[in-house]
Amino acid sequence: MSPEPASHSPLAHGPESPAAALFDAVGADYETAFADLPEQQAALDWLIAELGPGSKVLDIGSGTGRPTAERLVAAGHRVTGIDVSATMVELARERVAGATFEQLDARDLVDDDGAWDAVCAFFPFLQLPRADLDAQLDRLGARLAPGGLLAFATVPAEADGVEIAWLGHRARVTSHGTEELLVRLRAAGLEIVHHGISVFQPNHPTAGPEEQLFVHARKSTIG
């Protein structure tokens, strides 16, 4: 199965979206700010231990390709990274030659039901409108093959289009609290294997500590 992009709505999706502009501006500073995130490394350790050889992995919001795609490729897996930012895709292609990176909005990835052995979604949905956030959470289980794995992270908060300062830029963020996020992931057909909340201080002069939720989940092998 070859997932295909649908047409873009330039007001909300793809290269003209606020998220694309934000991450084009942040660029390599993102990698520096979040380079030593222990829970992300632990999530990747879990995936690498659990996945079979040569597994097919989707990295949503792949950023610079580090550490997610880099580590998974080094472990022998087939990684496709998607990101709305042209700058991030360019950086990732330079850093991780063994993965495939495409400038693509997750909302425009279609025909990929059951296509992936694992999905990584480390903070990719925070700039989405509430309805699109919920739709993407609902899609996470559908994208996975039976028994497939999800490594997911976000900032848990009851927020809907709240403007914040982030890494020296302005951003609007939307999320749910922890319990609502777990409810939605379970409703998407996922068994929560592990979840935990931690606080991380990004390596950036303007950044304050962030509360972060990390979830490891598995899709049922039945159905």
Side-chain angles (χ1 to χ4, degrees), residues 1-37 40-41 43-44 47 55-112 115-129 132-133 135-136 139-140 143 150-155 166-174 202-204:
M1 182 183 301
S2 299
E4 297 291 342
S7 60
H8 287 280
S9 170
L11 295 179
H13 290 201
E16 303 301 323
S17 71
L22 173 64
F23 283 94
D24 281 345
V26 170
D29 285 351
Y30 184 87
E31 182 180 322
T32 301
F34 293 93
D36 300 310
L37 186 45
Q40 184 173 6
Q41 296 290 354
L44 294 171
L47 286 177
S55 290
K56 187 178 177 185
V57 183
L58 174 66
D59 184 13
I60 301 175
S62 47
T64 69
R66 293 175 175 167
T68 301
E70 184 175 63
R71 285 200 58 194
L72 291 167
V73 166
H77 301 300
R78 297 171 292 156
V79 180
T80 298
I82 61 171
D83 203 293
V84 296
S85 164
T87 296
M88 291 297 188
V89 170
E90 181 180 355
L91 290 168
R93 287 171 176 168
E94 292 172 355
R95 285 158 165 72
V96 189
T100 298
F101 297 98
E102 309 220 358
Q103 187 182 5
L104 182 66
D105 191 308
R107 292 169 290 184
D108 295 333
L109 182 61
V110 299
D111 295 337
D112 72 329
W116 309 98
D117 300 307
V119 170
C120 297
F122 295 120
F123 309 101
F125 303 140
L126 285 163
Q127 279 76 51
L128 295 182
D132 289 349
L133 164 64
Q136 286 305 303
R139 284 286 299 146
L140 289 173
R143 296 188 194 282
L150 170 71
F152 172 83
T154 194
V155 175
W166 184 74
L167 301 188
H169 302 273
R170 305 303 298 178
R172 289 192 177 275
V173 298
T174 298
N203 180 21
H204 190 277

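Fair warning: this is a prediction, and the values are worked out from it, not measured in the lab. The first residue in the sequence is number 1, and the count goes up from there.
Here the closest non-hydrogen pair linking R107 and P129 is NH1-CD, 3.9 Å. Nearest approach of W116 to V57, heavy atoms of both residues: CE3-C, 3.7 Å. V73 approaches A99 most closely through the heavy-atom pair CG2-CB, 3.8 Å. A pairwise comparison of heavy atoms in G27 and M88 identifies O-CE, 3.3 Å as the closest pair. Nearest heavy atom pair, residue L37 against residue F123, reads CD2-CE1, 4.0 Å. The minimum heavy-atom distance between L133 and F125, with the atom names listed, is CD1-CB, 3.7 Å.
Side chain of D24 to backbone of A86: a donor-acceptor contact under 3.5 angstrom is found. Looking at Q103, its side chain does come within 3.5 Å of a backbone N or O of V84 through a donor-acceptor pair. In this structure, D83 contributes its side chain and G63 its backbone to a donor-acceptor pair below 3.5 Å.
No side-chain heavy atom of Q127 sits less than 4.5 Å from a side-chain heavy atom of P18. You'll find the side chain of D36 stays beyond 4.5 Å of the side chain of N203, heavy atoms only. Looking only at side-chain heavy atoms (C-beta outward), I82 and L109 come within less than 4.5 Å of each other.
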TODO: Test side chain to side chain contact (heavy atoms under 4.5 Å, CB included) on T174 and L128 and set out the steps.
DONE: CA-CA 7 Å; T174 298; L128 295 182; over 6 Å; no
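Among residues two or more places apart in sequence or in another chain, the side-chain hydrogen bond (donor to acceptor under 3.5 Å, both in side chains) test is passed with R172 by E163. With sequence neighbours excluded, the residues forming a salt bridge (charged side-chain N to carboxylate O under 4.0 Å, His left out) with R95 are E31, listed by chain and number.
Taking OG from S85 and CG from L91, the interatomic distance works out to 7.5 Å, rounded to the nearest 0.5 Å. Taking CG from L167 and CZ from F23, the interatomic distance works out to 8.0 Å, rounded to the nearest 0.5 Å. Here the straight-line distance linking atom CG of L47 with atom NE2 of H77 works out to 8.0 Å at 0.5 Å rounding. Between the CG atom in L58 and the OG1 atom in T100 there is a gap of 11.5 Å [rounded to 0.5 Å]. Interatomic distance, R66 CZ to T32 OG1, rounded to the nearest 0.5 Å: 10.0 Å. K56 NZ to D112 CG: the interatomic distance, rounded to the nearest 0.5 Å, is 8.5 Å.
Exactly one of T64, I60, D59 qualifies for a side chain to side chain contact (heavy atoms under 4.5 Å, CB included) with S62. That residue is D59.
Using cut-offs of 30° and 60° on the angle between ring planes, the pair Y30 and W166 is tilted.
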